[in-house]
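So the structure is just underneath, and the comments pick up after that.
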Number of protein chains: 2
Amino acid sequence: MISQTAEYSLRAMAYLADQMPQGYRSTIEVATATKVPTPYLSKVLKRLVDIGLLKGQRGPGGGFLLMRTPELITVWDVVDAVEPIKRITTCPLQLGSHAKVLCPLHRKLDNALAQLEKAFRETSLADLINQPGAPQPLCDFVNSQRLPLS
Amino acid sequence: MISQTAEYSLRAMAYLADQMPQGYRSTIEVATATKVPTPYLSKVLKRLVDIGLLKGQRGPGGGFLLMRTPELITVWDVVDAVEPIKRITTCPLQLGSHAKVLCPLHRKLDNALAQLEKAFRETSLADLINQPGAPQPLCDFVNSQRLPLS
DNA sequence: CCAAATAAAGACATAATTGTCTTAAAATCT
DNA sequence: AGATTTTAAGACAATTATGTCTTTATTTGG
């Protein structure tokens, strides 16, 4: 229901949100952590740069970095950037009689899309990594650098 | 967010639900009414037959017919038949630590899918064609055969 | 039985998505 | 300046989704 590219984008953004304090992270590191094919992730990351969600930095010590803090980037921002949710605002059959009000079928479908959009807009990357009482961290990598060594 | 094929399937099923009292409806008629390319719709309808949602009848007077009444077929039945909503039940990264509990990202995504599934399960084809106070019928074709000629 | 209508089946074509590989450009460090 | 690290860019390949076309099988009605 959501494309592979969107899934990969979300994994990468979540990882980069978690790793933000450490600065730039390279394609290979992100790919390894999120288990995404490296060459393909490279293209996905470039897209996120073009869109303005990430900054790419070349050379030693370079890599990718969020352009905003995790609190200010939502799941919707990411999904909308790589695979926009196309809301149904006009009749797909282009029926004149549906110009103002969608038929029940498309009304229902668009309501479902609206629900989805709302859920995505209400979730920030911070919500994905800062889970106080949550039993599991985002993924194996999350916070791994920051946990006390015990 | 939902495939073209699923959209076409829903249009066709809604049309056939509306036309059920008139008996079999041919591919060409359904294609014209729903504005779907005829040859492609033909394949879609065959799939709906294979799945058991429609009955196909050859020869003069033949065509397609719902296997159940519109009340007993949901939007979910149709979508699930042609393009199943893949719920996230296990970690897509196959991380051992997520065997029991999904990470927040995939928990959120699956919750969204659950919402979608619920909305689709709660809507029957009958809901799409019998709208007492609704300002618009399903589409131009709906109930057109049954309206008083006035 | 024959002709017409219709779905069924499957070959073929096109486009989008996903994935790989190679080269170029830029930044850093010594 | 030169070597190394890294993203940027773009060609190429494989797969899936979408769409078209032709032939075959079945059913009905005369």
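None of the values given here were measured: they were computed from a predicted structure. In what follows, chains are A, B, ... by sequence order, proteins preceding strands, each numbered from 1.
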Per side-chain contact (heavy atoms from CB on, under 4.5 Å), A:R25 is matched among A:V30, A:L45, A:L65 by A:V30

With a 4.0 Å limit, can you tell me whether A:S26 has a side-chain N or O closer than that to the phosphate oxygens OP1/OP2 of D:dT6?
no

Reading nucleotides 20-30 of chain D from the 5' end, what letters show protein touch, with B for base, S for backbone sugar-phosphate only, - for no heavy atom under 4.0 Å?
BB---BBBB--

Over all strands shown, is A:Y24 touching base, sugar-phosphate only, or nothing at heavy-atom distances under 4.0 angstrom?
nothing

Under 3.5 Å: donor-acceptor pair, side chain of A:E83, backbone of A:A6
no

Quick one: does any side-chain atom of B:S42 pair with a main-chain N or O of B:T38 as donor and acceptor, under 3.5 Å?
no

Whether the side chain of A:D18 engages the backbone of A:Y15 through a donor-acceptor N/O pair (distance < 3.5 Å, no angle test) should be reported.
no

Please report the distance, rounded to the nearest Å, between OH in B:Y8 and C1' in D:dA17.
11 Å

Gap between atoms NZ and P, on A:K55 and D:dT7 respectively (whole Å)
12 Å

Look at atom CD1 of B:I28 and say whether more than 12 heavy atoms of other residues, nucleotides or ligands are closer to it than 6.0 Å.
no

Between A:R47 (CZ) and D:dT7 (P), how many Å, whole number?
19 Å

Students should find this one: the first and last nucleotides of DNA chain C, 5' to 3', lying under 4.0 Å from a heavy atom of chain A. What are they?
C:dT18 to C:dT28

Between the CE atom in A:M13 and the CG atom in A:L48, the distance rounded to the nearest 0.5 Å is 6.0 Å

Decide yes or no for B:Y40 and B:T5: does some side-chain heavy atom of the first lie under 4.5 Å from some side-chain heavy atom of the second?
yes

List the residues meeting salt bridge (Lys or Arg N to Asp or Glu O under 4.0 Å) with B:E7, not counting sequence neighbours, and say none if there are none.
B:R11

